[in-house]
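Have a look at the structure below before the remarks.
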Amino acid sequence: IPAPTRCQSCSGMGGPPGASFYPFAPDDAAPFAFPIAMDDGQRLWNAILDRPFSRSLRQIYADWLEEHGDPRAELIRLQDRAVPRDPWREVELLRSHEAQWLGSIAQHAQDWTFRHGLLTRVTVEAERFLAHGDEWTRRPGLLGVVLTKARDHVNALAACPWLERIPFLWLDQNDLE
């Protein structure tokens, strides 16, 4: 079964084209004392935004998702290698649920990547992000954005409050000086 259209999740790419950095380390740098109640998905997501490298937080979030019948739990465990790797199942989950997990992002993004079960990278034009980013960053799931065609929108992006809601932003595909 081929990988989903436009999604680079199963292609083995580690981040934006040409990037040598990818926003996940294989293991947590330090243990995490988790003080948050397991019934609050938004607070769990906020904890992940604060510590996006934390494998333990992703696994706790997967537990919460599973308790609430969300199939993203299985994708997190598969891609985070908490269960034996099954690339066919990953593709099946993405084909079945990718449109729902992306929401309106799918209509505007040039491409996207699910890694460790989370939407780690979306490539989108700056103008579209400014128009829709508030909605996209309010719902759990989005960790990083690659903005293209940002040169004419630098001032608006600098004042954009929802950029604070995502831990990773790439502007390297722009001619900014």
Do side-chain atoms of Asp80 reach the backbone of His116 as a donor and acceptor pair under 3.5 angstrom?
no
Quiz question: by atom type and distance under 3.5 Å, do the side chains of [X] and [Y] form a donor-acceptor pair?
{"X": "Asp63", "Y": "Gln59", "answer": "no"}
{"X": "Thr120", "Y": "Arg115", "answer": "no"}
{"X": "Trp112", "Y": "Glu98", "answer": "yes"}

Would Arg58 and Ser56 satisfy side chain to side chain donor-acceptor pair (under 3.5 Å), going step by step from the backbone distance to the final call?
CA-CA 5 Å; Arg58 290 191 304 273; Ser56 59; over 6 Å; no
Considering only heavy atoms from C-beta outward, does the side chain of [X] approach that of [Y] to under 4.5 Å?
{"X": "Leu102", "Y": "Phe114", "answer": "yes"}
{"X": "Ser54", "Y": "Ile48", "answer": "no"}
{"X": "Ile166", "Y": "Leu49", "answer": "no"}

What pairs of residues pass the salt bridge (Lys or Arg N to Asp or Glu O under 4.0 Å) test when at least one of them lies in residues 152-165, not counting sequence neighbours?
Asp134-Arg165
Using 30° and 60° as the class boundaries, would you call the ring planes of Trp136 and His108 parallel, tilted or perpendicular?
tilted
Pair Arg72 + Glu66: basic N to acidic O under 4.0 Å:
no
Taking atom CD of Glu90 and atom CG of Leu75, what is their separation to the nearest 0.5 Å?
6.5 Å
Name all residues meeting the salt bridge (charged side-chain N to carboxylate O under 4.0 Å, His left out) criterion together with Glu92; count only those two or more places apart in sequence or in a different chain, and write none if there are none.
Arg89
Sorted by chain and residue number, the salt bridge (charged side-chain N to carboxylate O under 4.0 Å, His left out) partners of Glu127 (sequence neighbours excluded) come out as none
